[in-house]
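Following: one structure in structure tokens, then a few remarks.
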Amino acid sequence: MEGPLDRQENERIREMLETDPVAAIKRIISVQTDDIRLNIAIIGEPGTGKSTFVNAFRGINNNDEGAAPTGCGGTTTSPTSYLHPDYPHVILWDLPGIGSTMWPADEYVERVELKKFDFFIIISANRFRENDVKLAKEIQKMGKKVYFVRSKINHNLSDEERSHRDSTEERSLAAIIEDCFKGLQKVGTESPQVFLLSSPDLRQHGLQQLKSTFEGELPELKRKALCLSISDLYLHDLDDKKQRFQAEIKYYCIFSAAVPIPLLSAFVDLWLIYLVFQKYVVGFRLNTPSLEEMAAVTTVPCEDVRITRTLFKPLTTYVVLKSLTQVANRSMASVALMKGYNFISLFRRPVVFALSFTTTYIALRLTISALAEKARRFKRILGLNTM
């Protein structure tokens, strides 16, 4: 399944994020909404009318050519895609029902690869059940949007009419909507969007309302899908960059530990930490010119990404560890001098080398981690933080 952009364009933007983030953002902004692909997952338990909904949403009947198969017993056994005839690059995915013997609930999210989809419509025949809540919570974790659909509202209306002779359809629908809202909000769903449909004729109640809502939100949904996709690319490349930088620091540490004179060693260490810090600030695109250039393009302020005080923790850690190293060095030298233990003198230099290496390594690793964390916030300046 392809994401919001084709693989070639994705790769091009990924390379630009690495070499020229400003150009990458300009290219992302220039992408036309109609060119963005939106993968919509139609999900829910078996037998709730997901395939019927796919057909109705596309404006075709169940027996038309190209319609999703419908019927008793659950006809969808694997994810199946259907292009929407009216909206460019909108793909509906009819997913197998969660909680069936083939698709057990505890394996469903991973097996169906839920995170690959951009937008979700949860179909429930009656009240929203435990599996529906499970899906809603997973979708919320991903920061993506979901519609909730009650697909067989005519059954509820018939039951209500038999139970309360004086009940009207309008009051019954309002009560059902309120019940849905309360139930979904109780499990942590903020401002749920609920639509009531009838079966088998889904056009009888809220289908047109759902279509109108979707059409109005479609540009925003596509843009958000694109931003989340590029954000994932950016964070993946950021992790790769962090690992590359961490792999380099052992060479700086060997150079640092090779200096035998205590005060000179400390000076060399601090000099190294500062130089490496400056190198990685530029490497993570956190230097002031890069930030200001990006802020000018996106019109998003970059104050919380600036590197003020970023070196405080690494340097504090370095001073503490370096002091302990010097204490250990002097203690071993004193013992060797007083007791005449030559073997201590023999091992003192390798031990001090190892301690010095470790001290600088920890300080540099903390420096890289601190800068990488700042760079993760850089996502907001890139205009990618839609979560």
Side-chain angles (χ1 to χ4, degrees), residues 7 10-24 115 229-260 262 264-291 294 302 305-326 328-329 349-382 384-385:
R7 289 186 179 86
N10 247 17
E11 182 61 23
R12 186 177 294 115
I13 290 176
R14 188 196 67 76
E15 291 174 356
M16 293 171 72
L17 282 171
E18 172 75 21
T19 58
D20 189 352
V22 172
K115 65 181 180 181
S229 173
I230 300 301
S231 176
D232 287 343
L233 278 180
Y234 172 73
L235 293 178
H236 183 269
D237 282 351
L238 178 62
D239 288 339
D240 286 346
K241 186 181 292 185
K242 179 181 175 182
Q243 290 176 15
R244 289 201 310 271
F245 289 165
Q246 287 177 337
E248 296 175 356
I249 61 179
K250 58 180 177 288
Y251 302 112
Y252 298 110
C253 297
I254 292 171
F255 177 77
S256 166
V259 180
L264 181 60
S265 174
F267 175 79
V268 169
D269 289 350
L270 291 172
W271 174 69
L272 269 177
I273 291 171
Y274 177 75
L275 288 183
V276 171
F277 176 77
Q278 292 297 328
K279 174 185 176 181
Y280 293 152
V281 163
V282 175
F284 282 119
R285 302 280 177 179
L286 293 172
N287 53 317
T288 298
S290 294
L291 290 178
M294 186 60 64
C302 58
V305 190
R306 293 191 185 275
I307 56 176
T308 307
R309 295 175 62 85
T310 302
L311 258 182
F312 181 76
K313 183 177 179 181
L315 285 179
T316 302
T317 303
Y318 167 80
V319 169
V320 172
L321 292 175
K322 194 67 175 180
S323 298
L324 292 174
T325 300
Q326 297 301 326
N329 183 21
R349 190 176 296 277
V351 169
V352 172
F353 180 93
L355 290 173
S356 181
F357 179 97
T358 304
T359 297
T360 308
Y361 183 87
I362 291 173
L364 290 179
R365 194 173 178 88
L366 283 173
T367 299
I368 292 173
S369 295
L371 290 174
E373 184 57 35
K374 283 285 186 182
R376 292 182 80 85
R377 297 186 195 176
F378 190 46
K379 178 176 71 168
R380 182 183 61 76
I381 292 182
L382 289 170
L384 304 177
N385 194 11

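Everything quoted here is computed from the prediction, not taken from an experiment. Numbers here are sequence positions counted from 1.
The CG atom of Asp240 sits 11.0 Å away from atom CG of Leu235, with the distance rounded to the nearest 0.5 Å. Atom OG of Ser369 is separated from atom CD of Gln246 by 5.5 Å, given to the nearest 0.5 angstrom. Here the straight-line distance linking atom CD1 of Ile230 with atom CD1 of Ile13 works out to 4.0 Å at 0.5 Å rounding. With rounding to the nearest 0.5 Å, the separation of CD1 in Ile368 from CD1 in Ile249 is 4.5 Å.
Legend: residues meeting ring pair (Phe, Tyr, Trp, His ring centres under 6.0 Å) with Tyr361, ordered by chain and number and at least two apart, are absent. Lys250 is linked by a side chain to side chain donor-acceptor pair (under 3.5 Å) to nothing, counting only residues two or more places apart in sequence or in another chain. Applying the side-chain contact (heavy atoms from CB on, under 4.5 Å) criterion to Asp232, with sequence neighbours excluded, gives no partner residue. Taking the side-chain contact (heavy atoms from CB on, under 4.5 Å) definition, one finds that Glu18 meets it with Lys241, Arg244, sequence neighbours left out. Under the rule for a side chain to side chain donor-acceptor pair (under 3.5 Å), the partners of Glu11 that lie at least two apart in sequence or sit in another chain are Arg14. With sequence neighbours excluded, no residue forms a salt bridge (charged side-chain N to carboxylate O under 4.0 Å, His left out) with Glu15.
Note on ring orientation: taking the six-membered ring where Trp is involved, the planes of Phe245 and Tyr280 are parallel (angle under 30°, cut-offs 30° and 60°).
Of all heavy-atom pairs between Ala375 and Tyr234, the closest is O-OH, 2.7 Å.
Under a 3.5 Å cut-off, the side chain of Arg285 and the backbone N or O of Thr19 do form a donor-acceptor pair.
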